[in-house]
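Atoms within a ligand are numbered from 1 in the order they appear, just like the ligands themselves.
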Amino acid sequence: MILVTGGAGYLGAHAVLALLEAGEEVVVLDNFANSSPEALRRVRRISRRKPALVVGDVRNRSVLDDLFKRFPVDAVMHFAGLKAVGESVRQPLRYYDTNVGGSINLCQAMAYAGVFTLVFSSSATVYGDCQRMPIDEQTACGHPTNPYGQSKLMTEQVLASLAQADDRWSIGVLRYFNPVGAHPSGLLGESPKAVPSNLLPYLLRVAGGQLPALPVFGNDYPTPDGTGVRDYIHVLDLVAGHLDTLAYLRRSSGIRAWNLGTGLGYSVLELVHAFERISGISVPLDMRERRPGDVAKCWADATRAREELGWVARRDLDTMLRDAWHWQRANPTGYSKMPGSGTAAKVADERASALPLR
Ligand code: NAD
Ligand code: UD1
């Protein structure tokens with residue numbers, strides 16, 4: 001059985017679904033700090049299988065000890081954490097406590113329960129500001145510029161020490177580039193509780209008429225059109241990488257990091273224009289100064305994941321944007337109830353059935 005911490009969140013819920021579809025048993029631990037139980041109801045609806053759920057905090061040792069006693073967990077995917085960069089600057093202790101403290105607490109409880117297989121959600125932010133592209137796993141370009149990024153780097157260091165000290169551990173560190181997109185059913189997707197700070201969720205709200213214009217943070221970067229370039233990866237490809245990692249970890253020991261990205265970089269304007277082409281909607285832009293802490297460009301060399309895990313990202317940018325737009329149209333208020341019209345899931349079902357299958 002797999003424990004998925006943060007399994008009700010954007011990436012976690014897609015991972016739970018993929019695990020259930022692959023025939024694994026799953027228990028989710030989540031405190032719903034940034035998610036809703038509705039995500040798990042929808043996972044159940046798509047997969048026709050039910051993950052077990054423990055509502056609790058990954059920082060609470062007795063919750064974890066109790067969970068490991070009740071469920072025969074043999075591996076953990078650890079998604080639980082806080083991820084808003086701006087908030088991490090204002091509330092650093094909360095971020096270190098949840099992301100670093102939570103991870104240490106989880107590892108202590110795992111060791112106590114005799115569970116030593118762990119997949120950790122890290123981020124390309126650990127690479128800092130790199131000039132040379134693409135970025136491979138050995139690249140070191142400095143340090144993250146904010147407490148969120150630092151918390152990921154610190155957790156990676158804790159995990160490396162742990163694997164060095166005790167060879168029973170088998171740990172996969174997955175450095176995500178920019179996960180976007182949604183489940184093609186339109187039932188699962190990203191449902192940020194606050195106004196989104198990431199590019200695609202913000203763009204979707206502009207296209208949906210909930211926000212007036214998309215701020216473009218800087219058009220004077222040393223990139224072909226002056227806007228920031230990133231490696232966007234479909235959430236389904238990302239979670240497929242987790243299953244491949246789990247298979248690898250089950251037959252190895254030690255610690256290994258892998259980039260999960262497509263190896264392709266798209267600028268803000270390229271992404272906006274691709275979205276306009278797919279949706280037929282014109283997106284109003286608001287040119288702004290650079291956002292503090294942003295890098296000009298960032299894309300992956302994912303050769304190691306291909307060679308060692310047998311994993312490659314298969315879905316292109318158009319598919320990411322189409323699936324994200326499908327999710328947004330079917331769920332304009334995310335997982336929360338639509339005022340006066342039943343649940344968003346019902347609307348998603350109706351609209352999904354009206355769309356041609358791809
Ligand atoms: P998310 O906020 O949608 O999901 C995180 C989940 O963890 C939520 O369900 C939240 O309620 C839960 N959680 C938070 N604090 C908790 C706690 N103390 N105890 C138990 N549960 C808790 O975020 P996501 O996009 O799904 O990201 C998942 C992981 O991947 C995070 O660790 C994040 O830092 C990492 N990551 C995400 C991205 C991205 O762009 N989404 C990029 C790189 C890394
Ligand atoms: C950000 C975080 C990173 C985190 C990742 C996923 C920063 C500095 N980095 O990455 O640590 O792992 O999210 O959560 O915040 N953009 C706009 N307008 C917007 C939003 C973004 O022009 O409204 C631009 C940005 O300047 C950037 C690109 O779009 O060039 C992507 O931004 P975003 O989606 O926020 O991701 P990152 O900054 O790459």
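With a 4.0 Å heavy-atom cut-off, ligand 2 is reached by the side chain of Val85 but not by its N, CA, C or O. Within the 4.0 Å heavy-atom criterion, neither part of Ala124 lies near ligand 2. For Ser123, every heavy-atom contact with ligand 2 shorter than 4.0 Å involves the side chain, none the backbone. The part of Tyr148 lying near ligand 2 is the side chain, judged by heavy-atom distances below 4.0 Å. Residue-level proximity to ligand 2 for Leu199 is carried by backbone and side chain together, each with a heavy atom below 4.0 angstrom. Here Asn178 has side-chain heavy atoms under 4.0 Å from ligand 2, and that is the only part of it that gets that close.
Nearest protein neighbour of atom 28 (C) of ligand 2, counting heavy atoms only, is Tyr232 OH, 3.7 Å. For atom 38 (O) of ligand 2, the closest heavy atom belonging to the protein is Arg291 NH2, 2.9 Å.
In this view, Tyr95 satisfies the ring-ring contact (aromatic ring centres under 6.0 Å, His included) rule with no residue, not counting sequence neighbours.
Because its NZ or CZ atom is not both nearer than 6.0 Å to the ring centre of Tyr266 and within 45° of the ring axis, Arg230 does not count as a cation-pi partner of that residue. Geometrically, Arg61 engages Tyr112 in a cation-pi contact defined by less than 6.0 Å to the ring centre and at most 45° from the axis.
For ligand 1, residues of the protein lying within 4.0 angstrom by heavy-atom distance are Gly6, Ala8, Gly9, Tyr10, Leu11, Asp30, Asn31, Phe32, Ala33, Asn34, Ser35, Gly56, Asp57, Val58, Arg59, Phe79, Ala80, Gly81, Lys83, Thr98, Ser121, Ser122, Ser123, Tyr148, Lys152, Tyr176, Pro179.
Residue contacts with ligand 2: Phe217 is placed with a nitrogen or oxygen under 3.5 Å of a nitrogen or oxygen of the ligand (distance criterion only).
Proximity of the aromatic rings of Tyr10 and Trp327 is defined here by a centroid distance below 6.0 angstrom, and this criterion is not met. For Phe79 and His242, the gap between ring centers is short of 6.0 Å. Annotation: Trp299 is not in aromatic contact with Phe177 [ring centroid separation under 6.0 Å not met].
For Arg49, the CZ atom is densely surrounded, since the number of other residues' heavy atoms within 6.0 Å is greater than 12.
The distance from ligand 2 to the heavy atoms of Ser197 drops below 4.0 Å at these ligand atoms: 20 (C), 35 (O).
Using a non-hydrogen distance threshold of 4.0 Å, Gly149 does not register as a contact of ligand 2.
Relative to atom 27 (C) of ligand 2, the option among Lys152, Lys83, Arg230, Arg288 with the closest non-hydrogen atom is Arg230.
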